[in-house]
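Lettering follows sequence order; numbering is per chain, from 1.
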Amino acid sequence: MAAHYDHEAIETKWQKFWIENKTFKAEIDHDKPKYYVLDMFPYPSGDGLHVGHPEGYTATDILARYKRMRGFNVLHPMGWDAFGLPAERHAVRTGEHPAIITNRNCDTFRKQIQRLGLSYDWDREINTTDPGYYKWTQWIFSVLFERGLAYEVEAPVNWCPALNTVLANEEVKDGKYVETGDPVEKRAMRQWMLKITEYAERLLADLDKLDWPEGIKAMQREWIGRSEGADVEFAVAGSGEKFTVFTTRPDTLFGATYCVLAPEHPLTLRITTDEQRAAVEAYIKTAERKSAQDRMKEEVTKTGVFTGAYAVNPVNNKEIPIWIADYVLAEYGYGAIMAVPAHDARDYEFAKTFSLPIIEVISRSSGDSIINRDCEAQSSLSGAYCPQNCEEVWTGDGVLVNSQILDGLNVADAKKKITAWLEERGLGKGTVNYRLRDWLFSRQRYWGEPFPLLRGEDGVVRVVPMKDLPVLLPELDDYRPTDDGMPPLARATEWVNTTDPETGKPAARETNTMPQWAGSCWYFLRFCDPRNDNEAFSKEAENYWMPVDLYVGGAEHAVLHLLYSRFWHKVLYDAGHVHTDEFAMKLFNQGMILAYSYQDKQGKYHYPHEVERDGDVWKLKATGEVVNAQIEKMSKSRYNVVNPDDVVREYGADSMRLYEMFMGPLDRDKPWTEEGVQGVHRFLRRVWALFVTEDGGIHSRIVESGGDETMTRELHKTIKAVTNDLENMSFNTAIARMMEFVNAAMKAAAVNKADMEQFTLLLSPFAPHIAEELWEKMGHDTTLAYAPWPEYDEARLVENTIEIPVQVLGKLRGRIVVPADADQAAILEAAKADPKVLPHIEGKTVVKEIYIPGKMVNLVVK
RNA sequence: GCCGGGAUGGCGAAACAGGCAGACGCACCGGACUCAAAAUCCGGCGGUAGCGAUACCGUGAGGGUUCGACUCCCUCUCCCGGCACCA
């Protein structure tokens with residue numbers, strides 16, 4: 001090996017060694033505690049790896065290596081979430097089979113990842129598009145189906161014309177597909193749904209036992225959106241009709257002054273009076289045309305129309321008008337509400353707009369009424385006021401008024417009392433509502449898992465028996481939807497039209513495919529037993545490896561992958577296939593890697609190599625024009641993407657790994673700088689120079705015995721700090737501590753070989769290639785991957801003398817150096833006698849002396 | 001509006017349990033080596049005043065608790081992320 005730090009040679013050598021020796025192969029070993037550390041596996045895009053990927057991968061790799069050295073049996077796998085739209089689009093364009101494109105991309109990703117020296121067990125590599133994998137995805141679907149959790153329904157769904165497919169609620173925001181921004185519209189279609197709502201309560205409650213970031217848990221709670229309240233039945237006056245509303249404020253029932261139905265409510269046209277019919281029909285038409293985006297924009301002004309009908313308030317038999325308005329959502333609750341304008345901001349605004357009466361039923365503790373009684377205007381509704389008389393809305397707690405049996409109670413008690421009252425009379429009941437809706441699980445695409453379903457001539461749907469799985473994707477020569485709008489699989493007529501093996505009768509296959517989330521919902525289970533042909537995973541493997549101990553990935557999957565996976569896992573738990581009802585106990589979100597981008601006055605971006613720094617401004621090299629330098633998310637369009645291959649070529653994988661960890665705390669967003677990479681690269685060169693001479697031998701400063709004692713103490717301090725930092729995932733500070741050690745060691749005349757070996761082990765999880773090389777140079781003929789992690793000796797940390805800062809009135813005035821075993825009295829004496837301290841206490845009385853052992857002295861003087 | 005997370009030198013950051021603010025690195029400045037440059041090594045580097053010892057100021061703003069606050073409490077500002085007519 002060359003004398004200088006030849007990262008290229010060292011890294012390729014050890015990467016080859018690890019692969020050939022299967023150094024990181026994991027096998028069940030009941031004598032060792034297991035540790036399952038998992039990365040969110042990537043979608044292998046055609047663009048290859050991005051510097052953002054290795055950030056999380058490096059963090060988990062460091063922990064995997066650390067845990068192995070601590071005696072854990074580590075499961076650290078990698079695979080590909082390879083179904084998905086980009087490959088399918090490419091296939092439509094070029095006619096090339098998506099599987100070929102996918103495999104090519106996987107090869108690129110694998111090569112790039114292997115070049116980073118990540119210690120994955122490559123024998124466990126999985127690919128969700130592999131029939132040997134999706135066979136089991138189909139099996140899990142059949143488990144869901146057989147447990148009654150999969151159903152077909154004709155309902156308004158999110159249809160994305162640009163993608164020619166439907167989408168789940170979780171994939172749509174503000175009327176757009178979250179990934180691409182393409183508009184989404186409502187369209188009635190027959191689709192497969194999964195009953196995730198049946199698990200809403202458990203998905204919510206079990207968040208409490210997970211060590212996940214608060215933000216993610218909060219987002220899931222919000223998405224599930226549990227709310228407690230009551231269903232209340234309202235009769236429509238003068239007709240046999242009635243409707244139910246859901247309210248979280250049954251306590252305000254006496255304040256209800258009107259009701260609102262969603263335009264889509266089945267009752268709207270039936271109860272509308274002839275005089276109002278034209279207006280109502282027109283309103284419903286407009287509402288239908290409005291997209292979700294339009295609704296968002298009109299947030300400020302509320303619209304609606306009176307039906308002419310009246311509802312009977314069950315608590316007091318008052319007749320109140322029924323309106324229809326699009327501020328009431330058809331999808332939530334019953335698509336109908338009772339409106340209490342005095343105590344609900346939305347109802348208040350609507351009442352103001354349409355001059356609907358207001359009744360105050362909650363009196364604020366301050367005693368100020370929200371109603372201005374000096375105003376003359378009176379409402380037609382008895383006991384109510386015109387909206388002009390009401391100056392504000394009150395949604396907080398208070399004392400019930402104008403509410404007969406509830407008067408004098410607070411909000412919480414009133415809720416209980418009225419709910420019981422309604423239940424006794426059969427007029428309503430306490431209920432819980434969720435915002436979460438069932439998961440729309442079918443897509444009109446080719447490149448996804450086929451459903452293992454057969455529809456008989458009788459219309460009955462049966463699941464394909466286990467022995468006939470996988471249902472393979474048929475070969476097609478055109479991946480577009482059919483001309484009559486059927487999914488691409490409908491083109492495979494021979495595949496679609498088959499025979500039901502049980503009945504022997506003709507049957508048709510489902511032509512929708514599963515969404516991309518399906519494969520990632522359970523991949524962590526397959527990693528436990530990835531080559532099992534007889535079952536998705538063996539009980540033994542699942543029992544041993546699950547649950548995931550640490551799961552690292554980006555925060556963008558907060559309510560998609562992470563919620564869907566939790567749901568599937570609970571179903572598998574209920575079905576007895578897994579032994580825990582959550583799949584990952586600890587979750588960590590890495591931050592984003594940002595980069596400088598350079599934009600000229602016209603807004604055009606320039607590549608970093610096209611600009612140079614001149615004092616405190618950046619200029620175009622070609623023209624000298626000053627450009628604006630800013631920190632932004634990396635993207636091709638901003639010309640600021642850093643390619644990991646370039647970094648590895650120039651500085652090596654160890655530098656790349658070390659830099660990504662040294663940039664700052666893992667969970668924070670931070671900007672990439674080339675100078676920063678050079679900084680850690682210099683550190684590794686210093687490490688090399690510390691150990692190795694110009695001719696490639698071990699440096700003479702490394703001695704068998706008699707080395708610098710203070711360096712031994714430094715080593716023990718470093719072991720303690722690095723170990724602690726690793727446990728806290730504080731990689732940046734761990735690296736800083738190792739830099740301090742190296743800086744000190746460079747200055748020492750001689751250091752003990754044993755100490756330097758220990759240091760090499762400390763460095764190895766972070767920069768494994770250089771560490772292996774140094775380990776070998778020091779005479780070891782086996783990998784250090786399983787060498788015991790260094791232990792520190794508390795006794796070795798003790799210094800002979802300690803320096804203690806001395807404050808007077810909390811201000812630092814001096815420092816004293818005392819023997820480590822000096823007692824308090826001696827230290828205080830020394831503090832008061834210190835020449836720097838003396839001027840600040842002379843002529844004053846010391847009224848209090850504070851000594852924090854080993855830390856600090858503070859003298860309080862008057 | 002609500003929820004989650006932030007704000008510390010020129011920059012990325014550190015201070016784990018209330019005890020020396022700025023470890024470590026980058027950038028920058030000075031020096032050594034060199035014909036020269038690069039690389040490397042040594043030194044400096046929060047602000048103000050001062051030749052200096054040193055003094056004062058300083059962790060988004062204001063208040064509080066404390067011998068002592070980046071850290072705890074209250075109020076507020078700004079930034080990032082999420083949700084938002086969900087009754």
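Atom pair A/Leu261:CG and B/C85:P shows a separation of 20 Å (rounding to whole Å applied). Taking atom OH of residue A/Tyr327 and atom P of nucleotide B/A84, one finds them 19 Å apart after rounding to whole Å. To the nearest angstrom, C1' of B/A84 lies 11 Å from CG of A/Leu329. In this structure, CD1 of A/Ile735 is placed 13 Å from C1' of B/G12, rounded to the nearest angstrom. Atom pair A/Arg686:CZ and B/A39:C1' shows a separation of 14 Å (rounding to whole Å applied). One atom, CD1 of A/Ile320, and another, C1' of B/A87, lie 14 Å apart when rounded to the nearest Å. Rounded to whole Å, the distance from CE on A/Met746 to P on B/G43 is 12 Å. Distance A/Trp223 CH2 to B/C83 C1': 9 Å, rounded to the nearest Å.
Distance check on atom C1': B/C74 versus B/A69 gives 15 Å, rounded to whole Å. Only the C1' atoms considered, B/G5 is 24 Å distant from B/G18, to the nearest whole Å. With both ends at atom C1', the span from B/A13 to B/A7 equals 13 Å, rounded to whole Å. Nucleotides B/U8 and B/C80 place their P atoms 14 Å apart, quoted to the nearest Å. Look at the C1' atom in both B/A38 and B/G52: the space between them is 38 Å, to the nearest Å. For the C1' atom pair drawn from B/G64 and B/U71, the interatomic distance equals 15 Å after rounding to whole Å. Using atom C1' as the reference point in both B/C51 and B/G68, the two lie 34 Å apart (nearest Å). Atom name P, nucleotides B/A87 and B/G6: the rounded distance is 29 Å, in whole Å.
Using a 30° and 60° split on the angle between ring planes, A/Phe741 and A/Phe759 fall in the parallel class, below 30°. Using cut-offs of 30° and 60° on the angle between ring planes, the pair A/Phe243 and A/His265 is perpendicular. The aromatic rings of A/Tyr598 and A/Tyr596 sit parallel to each other, their planes meeting at less than 30°, with 60° as the upper class boundary.
In B/G30 the O4'-C1'-N dihedral to the base is more than 90° from 0, which defines an anti nucleotide.
Within the 4.0 angstrom heavy-atom criterion, only backbone atoms of the sugar-phosphate kind lie near A/Pro665; the bases stay farther away. Residue A/Ser730 is out of contact with every strand shown, counting any heavy-atom pair closer than 4.0 Å. Residue A/Arg737 is out of contact with every strand shown, counting any heavy-atom pair closer than 4.0 Å. Nucleic acid contact class of A/Glu740 (heavy atoms, under 4.0 Å, all strands): sugar-phosphate only. Within the nucleic acid shown, A/Arg437 comes within 4.0 Å of at least one base atom, counting heavy atoms only. The residue A/Thr733 sits close only to the backbone: its heavy atoms come under 4.0 Å of sugar-phosphate atoms, none of a base. As judged by a 4.0 angstrom heavy-atom cut-off over every strand, A/Lys836 is placed among residues touching the sugar-phosphate backbone only. Within the 4.0 angstrom heavy-atom criterion, only backbone atoms of the sugar-phosphate kind lie near A/His840; the bases stay farther away. Using a 4.0 Å heavy-atom criterion, one finds that A/Gly225 contacts no nucleic acid atom at all.
Judged by atom type and distance alone, A/Lys855 does not reach the base of B/C20 through any side-chain donor-acceptor pair under 3.5 Å.
Of the candidates B/A27, B/C24, B/A13, B/A27 carries the atom nearest the A/Glu675 side chain, counting heavy atoms from C-beta on. Picking from B/A21, B/G19, B/A87 the nucleotide with the shortest atom distance to the side chain of A/Asn858 gives B/G19. Candidate nucleotides B/C85, B/C11, B/C56 were compared by shortest atom distance to the side chain of A/Lys302, and B/C85 ranks first. With distances taken from any side-chain atom of A/Ile850 to the nucleotides B/C20, B/G4, B/C67, the minimum falls on B/C67. The side chain of A/Pro671 sits closest to B/G12 out of B/G4, B/G12, B/A27. The nucleotide whose nearest atom lies closest to any side-chain atom of A/Asn724 is, among B/C16, B/C11, B/C24, B/C16.
Distances shown here put every side-chain N or O of A/Arg682 at or beyond 4.0 Å from the OP1 or OP2 atom of B/C41. OP1 or OP2 of B/A14 has at least one side-chain nitrogen or oxygen of A/Arg668 nearer than 4.0 Å. Contact between the side-chain N/O atoms of A/Asn732 and the OP1/OP2 oxygens of B/A14 is found at a separation under 4.0 Å. For B/C83, one of the phosphate oxygens OP1 or OP2 lies less than 4.0 angstrom from a side-chain nitrogen or oxygen of A/Lys173. Contact annotation: A/Asn743 reaches the phosphate of B/G25 (side-chain N/O to OP1 or OP2, under 4.0 Å). Between A/Arg685 and the phosphate of B/A39, there is no side-chain N or O to OP1/OP2 separation shorter than 4.0 Å. Using a 4.0 Å cut-off, some side-chain N or O of A/Lys848 falls inside it from OP1 or OP2 of B/C67.
With a cut-off of 3.5 Å on both Watson-Crick or G-U wobble distances, the partner of B/A32 is given as B/U40. Look at B/U54: its Watson-Crick or wobble partner, with both distances under 3.5 angstrom, is B/A49. Nucleotide B/U66 forms a pair with no other nucleotide shown, judged by Watson-Crick or G-U wobble geometry with both contacts under 3.5 Å. As the counterpart of B/C83, B/G1 is assigned, both hydrogen-bonding distances of the Watson-Crick or G-U wobble pattern falling under 3.5 Å. Applying the Watson-Crick and G-U wobble criteria (two distances, each under 3.5 Å), B/C24 pairs with B/G12. Pair assignment for B/U77 gives B/A7, based on Watson-Crick or G-U wobble hydrogen-bonding distances that are each under 3.5 Å.
Counting only distance, with no hydrogens or angles, the side chain of A/Asp326 and the backbone of A/Ala287 share no donor-acceptor pair below 3.5 Å.
With RNA chain B read from its 5' end, the first of the two nearest nucleotides for A/Gln807 and A/Lys811 is the one closest to A/Gln807. Comparing A/Asn728 and A/Gly664 along RNA chain B, the residue whose closest nucleotide (by nearest heavy atom) sits nearer the 5' end is A/Gly664.
For the side chain to side chain donor-acceptor pair (under 3.5 Å) criterion with A/Asp231, the lone passing option out of A/Thr419, A/Asn433, A/Thr431 is A/Thr431.
From A/Asn858, atom CG reaches atom CZ of A/Arg813 across 11.0 Å, with rounding to the nearest 0.5 Å. With rounding to the nearest 0.5 Å, the separation of NZ in A/Lys811 from CG in A/Leu859 is 15.0 Å.
Comment: A/Arg221 engages A/Asp208 in a salt bridge, judged by a side-chain N to carboxylate O separation of less than 4.0 angstrom.
Residues meeting the side chain to side chain donor-acceptor pair (under 3.5 Å) test with A/Arg685, sequence neighbours left out: A/His681.
Taking the six-membered ring wherever Trp is involved, the centroid distance between the rings of A/Tyr659 and A/Tyr651 does not fall below 6.0 Å.
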Do any N or O atoms of the protein come closer than 3.5 Å to N or O atoms of nucleotides 77-79 of chain B, and which pairs are they?
none

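Using modelled atom types and a 3.5 Å distance limit, the side chains of A/Tyr348 and A/Glu392 yield no donor-acceptor pair.
Nearest heavy-atom pair across A/Ala168 and A/Trp439 is CB-CD1, 3.9 Å.
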